[in-house]
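To start, the structure itself, in structure tokens.
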Amino acid sequence: MKSIEDIYFLLLKRYGSQGWWPFVNHKATNPTKHGKVDGYHPRDYSFPVNGFQRFEIITGAILTQNTTWTSVEEALLNLHKLCAFCPRLMSDMNEEKIRQAIKPVGYYNKKTQYLKNVAEFLLPIKNRVPTRAELLKVKGIGPETADCIMLYAFKELHFIVDSYTRRIFSHQGIIKGNESYKKIQELFELSLPKNLIVYQEYHALLNEHAKHYYRKKPYEDPILNSH
DNA sequence: AACCAGGACGTGA
DNA sequence: TCACGTCATGGT
């Protein structure tokens, strides 16, 4: 059976550097991937370069809950026009404006409140890095969103467990799939080197791979199942 | 025309 | 803890 580390290198070899987390307010040098925005930055791990990009990641992490990224891009472009990528302005912004801006992502009533919640949470935080536990107290941030924020916005070592992760590794027989979030996260964190690039790339690679082969059942995985 | 998408919350067992 | 309904738009 392939190990978690084996699978990382297989996916990296197959798909290459993914350049996550994507931005809409960033002039990219690489060709467009999924959406119409050149927001990916493969082999460049210097992001976020400022607080605006950090808050864009946090905003995107909330908006993308149970939604496609192409919809999130639309919403992020709308928010960018409103200069909403900063906690102060997001906190002060009219709720109806936010609601309109993020409409394409769905759940816009909930997510409007969630964005307000994170913004208000971040205001007194200032330059300090929040803890995962603090993020989880914010209504609208669950375990996966918290880890996305920690890993991509604050460059802290937290492995992200999403539905694709469960799908791929249960199909590979490495997990059952219904284990708790924490248990799966521990498995990955014990199996991988404590390296930011590995964590960031692995999550993005799993997403990319799942989009190819784990959308509809029965799953057929020619990459990981070839021998 | 169901079904899913880069989940989380509230409720009741 | 855990299973379930709810939130909502857009693409297949």
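Below, all heavy atoms of this structure are taken into account, side chains as well, without hydrogens, waters or symmetry copies. By convention in this document, chain letters (A, B, ...) are assigned in the order of the sequence lines, proteins followed by strands, and residues within each chain are numbered from 1.
- Heavy atoms of A:R167 sit under 4.0 angstrom from primed sugar atoms or phosphate atoms, though from no base atom.
- For the residue pair A:T64/A:T67, the side-chain donor-acceptor check at 3.5 Å is not satisfied.
- A:N109 places its CG atom 15 Å from the C1' atom of B:dA8, with the value rounded to the nearest Å.
- A stacking contact between A:Y108 and C:dA8 is absent: the pair does not combine a ring-centre distance of less than 5.5 Å to the base's six-membered ring with planes differing by less than 30°.
- Look at the P atom in both C:dA8 and B:dG10: the space between them is 14 Å, to the nearest Å.
- Along DNA chain B, the nucleotide nearest to A:T68 and the one nearest to A:K139 differ in position, and the one closer to the 5' end is contacted by A:T68.
- The aromatic rings of A:Y219 and A:Y214 are tilted relative to each other, their planes meeting at an angle between 30° and 60°.
- At a threshold of 4.0 angstrom between heavy atoms, the contacts of A:G142 are confined to the sugar-phosphate backbone, with no base atom among them.
- For A:Y202 and A:Y8, the distance between ring centers is under 6.0 angstrom.
- Minimum atom distance to the side chain of A:Y107 is reached by C:dA8, of the listed B:dC9, C:dA8, B:dG6.
- Nucleotide B:dG7 holds its C1' atom 14 Å from the CH2 atom of A:W69, rounded to whole Å.
- Closest to the A:Y114 side chain, of the nucleotides B:dG6, B:dC9, C:dA8, is B:dC9.
- Of the two residues near DNA chain B, A:V105 and A:Y181, the one whose nearest nucleotide lies more 5' is A:V105.
- Dashed line: the shortest gap from a side-chain N or O of A:R215 to OP1 or OP2 of C:dG11 is not under 4.0 Å.
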The test is side-chain hydrogen bond (donor to acceptor under 3.5 Å, both in side chains); show your working for A:H203 and A:D147 and say whether it passes.
CA-CA 11 Å; A:H203 175 67; A:D147 287 329; over 6 Å; no
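- Across all strands shown, A:S163 has heavy atoms under 4.0 Å from sugar-phosphate atoms exclusively, and none from any base.
- Separating the CG atom of A:L63 from the P atom of C:dG10 is a distance of 14 Å, rounded to the nearest angstrom.
- A:E5 and A:S191 share no donor-acceptor pair across their side chains, judged by distance under 3.5 Å alone.
- If you take atom P in B:dC3 and the same atom in C:dT6, they sit 16 Å apart, rounded to whole Å.
- Relative to the side chain of A:N66, the nucleotides B:dA5, B:dG6, B:dA8 differ in distance, and B:dA5 lies closest.
- When the C1' atom is used for both C:dC4 and B:dG6, the distance is 23 Å, rounded to whole Å.
- Rounded to an integer number of Å, the gap from A:K110 NZ to B:dA8 P is 14 Å.
- One atom, CD of A:Q113, and another, P of C:dA8, lie 12 Å apart when rounded to the nearest Å.
- Distance, A:K211 NZ to B:dA5 C1': 9 Å, rounded to whole Å.
- Between A:D162 atom CG and B:dC4 atom P the separation is 16 Å, expressed in whole Å.
- Comparing B:dA5, B:dG7, C:dT9 by their nearest atom to the side chain of A:K103 picks out C:dT9.
- We find that OH of A:Y214 is positioned 16 Å from P of B:dG6, with the value rounded to whole Å.
- Note on A:L206: nothing from the nucleic acid sits closer than 4.0 angstrom, heavy atoms only.
- Using a 30° and 60° split on the angle between ring planes, A:F188 and A:F169 fall in the perpendicular class, above 60°.
- The side chain of A:P143 has B:dA8 as its nearest neighbour among B:dG6, B:dA8, C:dA8.
- When each of B:dA8, B:dA5, C:dG10 is scored by its nearest atom to the side-chain atoms of A:T145, the top-ranked nucleotide is B:dA8.
- Residue-level contact check: A:K111 touches neither bases nor backbone, having no heavy atom under 4.0 Å from any strand.
- Across all strands shown, A:V161 has no heavy atoms under 4.0 Å from either base or sugar-phosphate atoms.
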